[in-house]
Amino acid sequence: MSGMKTRNARTDPVLADLNDPQRRAVMHRDGPLLVLAGPGSGKTRVITRRAAYLVHTGVSARHILAITFTNKAADEMKKRIEVLGVAGGMWVYTFHALGVRLLREFGPLGRVRPGFTIYDEADRKRVIKDALAICKISPELLKPEAAQAKISDAKNRLKRPQAFLESADFFEQRMIGRVYEAYEQLLEQRNAVDFDDLLMRVAIVLRGHPEITERLNKRFRYVLIDEYQDTNHAQYLIARHLSQHHRNICATGDPDQSIYGWRGADIRNILEFERDYPDAVVVRLEQNYRSTGNILKAASKLIRCNRRRKHKDLWTDRGEGEPINVWRFEEGYDEAERIADTIVELHKEGRSYNDFALMYRVNAISRGLEESLRHRGIPYKIARGVEFYNRKEIRDTLAYLRVLVNPTDTVALLRIVNTPTRGIGKTTITRLVEAANDADRPLLEVMRAAASVSALKPAAAARVQKFVELIDQLQAFAGGSVADAVSNTLALSGLEADLRKAEEEGGEDRLANVEELVTAAKRYEDEAEQPTLEDFLQRVALTSDQDAVDESAGVVLLMTLHAAKGLEFPVVFIVGLEEGMLPHERSLYEGDVEEERRLCFVGITRARERLYLSHAEQRLLRGAMLPRCESQFLAELPDEVIAWENFDNESDGESSFGDGFIPLDDHRPQERLQRRSSKSRAKRRREFDDEPTFSPDDPTGRVLRLTSSSPYADWQPGMLVRHETFGVGTLQWIRPGDGQTRASIQFARHGRKTFILELAPVHKLQRGSV
DNA sequence: AGCAAGATGCTTTTT
DNA sequence: GCATCTTGCT
């Protein structure tokens, strides 16, 4: 406290260039603090300055713990704190990396042994399948994805299999409980954890061991948590325990940017922070330093449509800026072309390529955009970091390394036993696995004793033995240099030779990829304090898409809206503002459109100067051309800041465009749509030699469900319906409710109307009945 | 055993 | 459309 008075807000460089609320947040000393930070309000600046201020006023850096969600955010924060000269000893981690670090310390308490493996989604799916097999449950009866989601959910709530089974009342629940139990057993056997474990196990240890919690409280006297709106229950508990004694918890975030509810994030954590900590000081950062007035106005008006939120008055002194462009196209193809043309134009006017970002709801959309960019020679990059680590050759190499660190990692072992092929086929593997199960011994041990596995032919056993020798040989490198371990694995396993051969035969340059892995290992060795193969692998497992975003690469960036959080660009294009896309259809069925609106809000507020929102009337999705309807979010934007433009020049021409008016008559019967698209588009699309066909109610032959019991289960946006008074219209969106299924329908002459389907005289238009 | 073609399934977002 | 699994062939 003594140092505080001596610091002058005018002259202190840590405080000088802050606005009032920012300064209040930075200077807050003890007790809970909630910083509600609107987009572009200088949140990161506040966090880093606060850390610096704490240090400058006498807190040792090693008593501060900062937690973020992505590695990129953690690295960024570390860098910025270093610049302020206070990094020494401070912990800056992601929740998951912190989990790894603490679990290693906890050891048996966290139910892990040294060298434990982190299973990613693909590994996890494999284990779920094995668990289903053990429980003798067919994957058709219980889909692996469904089981996985339920188990993940349970782990977020700290529910172990036993507790899960105790509260399971229905058949399905009990089934999932059994799978969960088997799944946990397999992880235990394999000394592996999944992503959720990294949080759940830490939370359980903290909850059950007050002495450990107390020790950590003494070590970390100030806890800063970024993106608090995205915390799930386990993370919430970790944060709470870690600040339980000193209560010096500083949470920063924005409920309006909570976009991870689907994976367990609970927006209530931030909305109810003040209930959890009644003495909390709340600071609102509402001045935006990023976007123009128009962009901010659009974002504010949109997000106001949400009910569950804390209102903030976002403002800027940057002036109105350009109007926001809302573009309508006949087809997704036109959208991509037009955007690429616009980038070329603006580039000629002097904008750098890295001024631009293209954002979309689902990755599948990126393809068309990429093509249009490529044709014009526009350099671009897709923000997808895991892509590298998901390549087959990389996964193969990593699987070898994983086995070296953790010989019980069966998923990895099964992956490499015959990669590259060495004559160990399916039957041999099945027999080995069976023998391992029967003897209840690790698979590698059984392989080691292959000769004594009676079911195996001597020739097969000999090949297996040779493989085990290879592993033993590689094992020698596991304790030394990480890069050496990688390159020796490549050389001795035969992977390298295999890849070289494939390349000579005209394959792509996959050798370069594995060489890049060696480079990554070298880089890691240079950076890490105590490099080990175990740590390298664990870090790799926690690498995500967001981490790969490099804003200064000099290229146009393509990314999902989720990946865009935390970034900003002078020019932003958000594509596919269509019902079913943004908002995503799943949200329409499950009734959480608010999160989609927040996602849209996040996208809009990434833009500094110019913003383009676009949608198309039809789009190629999953190989089928589907009719699309404009997003309800477009109607929620303030008209006065929007410049509407219609590039659908083949439209029926009943109105002129570019004058702020979007024609409402997109109810065109299917025959006409079909004719139009076949006549004018088929030539442009290489894949579409044949006349594209679709039926409005189910273009792909699959039926999408609301809930299986709903009579409107197969209604989906884009389909045609008939209202007894208003005639034929296009379904815009549909939202289930208890006996009150709401739907919005766009009519030819009557505009858009919302109905309760149970009450309104609306029915599905049968094929051919137009 | 191992490969290639064909069938099937699945596709929101990600630590 | 793509990835994965299955089937059938060598």
Side-chain angles (χ1 to χ4, degrees), chain A residues 67-74 93-100 118-122 124-126 129 139-140 143-146 149 152 155-156 193-200 227 230-232 234-235 258-265 359-368 383-387 389-390 392 418-430 457 459-460 463 538-548 559-565 576 580-590 592 595-596 598-599 602-603 620-625 687 700-702 704:
Chain A
I67 308 176
T68 64
F69 270 84
T70 64
N71 298 303
K72 189 175 177 245
Y93 278 113
T94 66
F95 266 108
H96 290 86
L98 178 70
V100 171
I118 301 168
Y119 275 3
D120 69 10
E121 289 310 308
R124 175 193 259 190
K125 196 171 172 187
R126 198 58 262 153
K129 281 183 181 166
E140 271 141 56
K143 284 194 187 140
E145 295 76 24
S152 177
K155 289 192 173 186
N156 284 165
V193 297
D194 62 26
F195 288 137
D196 300 319
D197 285 326
L198 295 174
L199 308 174
M200 174 183 77
E227 308 283 14
D230 288 329
T231 48
N232 64 27
Q235 288 162 329
S258 162
I259 54 176
Y260 286 106
W262 53 274
R263 73 172 199 218
M359 301 174 190
Y360 34 80
R361 178 65 234 261
V362 296
N363 277 120
I365 293 296
S366 72
R367 181 161 320 232
R384 259 187 299 197
V386 283
E387 201 172 68
Y389 289 105
N390 274 335
K392 184 187 178 308
N418 198 32
T419 311
T421 53
R422 43 176 77 92
I424 303 175
K426 225 185 341 199
T427 36
T428 309
I429 291 170
T430 315
K457 285 190 192 131
R463 287 193 286 260
Q538 288 172 349
R539 259 165 82 140
V540 165
L542 295 179
T543 303
S544 83
D545 281 7
Q546 327 239 318
D547 303 328
M559 67 191 84
T560 65
L561 287 162
H562 283 87
K565 197 176 68 169
M581 186 71 101
L582 183 65
H584 192 272
E585 59 189 2
R586 199 155 163 159
S587 75
L588 298 169
Y589 301 144
E590 285 165 12
D592 191 14
E595 180 154 312
E596 299 289 309
R598 292 194 290 269
L599 199 47
V602 166
L620 202 53
L621 289 170
R622 285 180 228 148
M625 185 60 75
E687 299 90 344
T700 55
R702 277 175 290 261
L704 294 153

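Just the heavy atoms: all of them, side chains too, but no hydrogens, waters or symmetry mates, feed the values below. For clarity, every value in this text was computed on a predicted model and none was experimentally measured. The sequence lines fix the lettering, A, B, ..., with proteins before strands; numbering per chain opens at 1.
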Sorted by chain and number, sequence neighbours left out, side chain to side chain donor-acceptor pair (under 3.5 Å) with A:Lys392 holds for A:Asp396
Q: State whether A:Asp230 and A:Arg263 are salt-bridged, where the test is any N-O pair (Lys NZ or Arg NE/NH1/NH2 against Asp/Glu carboxylate O) under 4.0 Å.
A: no
Quiz item: Has A:Tyr260 got its ring stacked on B:dT13, by the test of a centre gap below 5.5 Å and a plane angle below 30°?
Solution: no
Protein N or O to nucleotides 2-9 of chain C N or O, pairs below 3.5 Å:
from, atom 1, to, atom 2, distance (Å)
C:dC2, OP1, A:Arg367, NH1, 2.5

Across all chains, not counting sequence neighbours, the side chain to side chain contact (heavy atoms under 4.5 Å, CB included) partners of A:Ala73 are A:Thr68, A:Thr70
Whole-Å distance, A:Lys565 NZ to B:dT14 P, equals 11 Å
note: A:Phe95, atom CZ; B:dT14, atom C1'; distance rounded to Å ~ 16 Å
When rounded to whole Å, the CG to C1' distance for the pair A:Asn363 and B:dT13 reads 8 Å
Atom CD of A:Glu121 and atom P of B:dT14 are separated, to the nearest Å, by 11 Å
Between A:Ala541 and A:Val362, the residue closer to the 5' end of DNA chain B by nearest nucleotide is A:Val362
Using atom types as modelled and distance alone, determine if a side-chain donor or acceptor of A:Glu596 lies under 3.5 Å from a backbone N or O of A:His584.
-> yes
Q. Given B:dA1, is OP1 or OP2 found less than 4.0 Å from the side-chain N or O atoms of A:Asn418?
A. no
Between OH of A:Tyr360 and C1' of B:dT13 the distance, given in whole Å, is 12 Å
### Message
Between B:dT13 and C:dT4, how many Å separate the two P atoms, rounded to a whole number?
### Response
15 Å
A:Glu585 CD to B:dC10 P, in whole Å, measures 16 Å
Taken to the nearest whole Å, CD/A:Gln235 to P/B:dT14 is 16 Å
Minimal heavy-atom distance between A:Ile424 and A:Arg463, with the atoms involved, is CD1-O, 3.8 Å
Closest to the 5' end of DNA chain B, once A:Arg586 and A:Arg422 are matched to their nearest nucleotides, is A:Arg422
Distance check: side-chain N/O of A:Thr70 vs OP1/OP2 of B:dT14, anything under 4.0 Å?
no
When both distances are under 3.5 Å in a Watson-Crick or G-U wobble arrangement, the nucleotide paired with B:dA7 is C:dT4
(message) Looking at A:Thr421, I'd like to know whether one of its side-chain N or O atoms comes within less than 4.0 Å of OP1 or OP2 on B:dA1.
(response) no
Heavy atoms only, 4.0 Å cut-off, all strands: where does A:Phe195 land among base, sugar-phosphate and nothing?
base
When rounded to whole Å, the CE to P distance for the pair A:Met625 and C:dG1 reads 11 Å
Any carboxylate oxygen within less than 4.0 angstrom of a Lys/Arg side-chain nitrogen, looking at A:Asp592 and A:Arg586? no
Please verify the inter-ring angle class for A:Phe195 with A:His96; under 30° counts as parallel, over 60° as perpendicular, anything in between as tilted. perpendicular
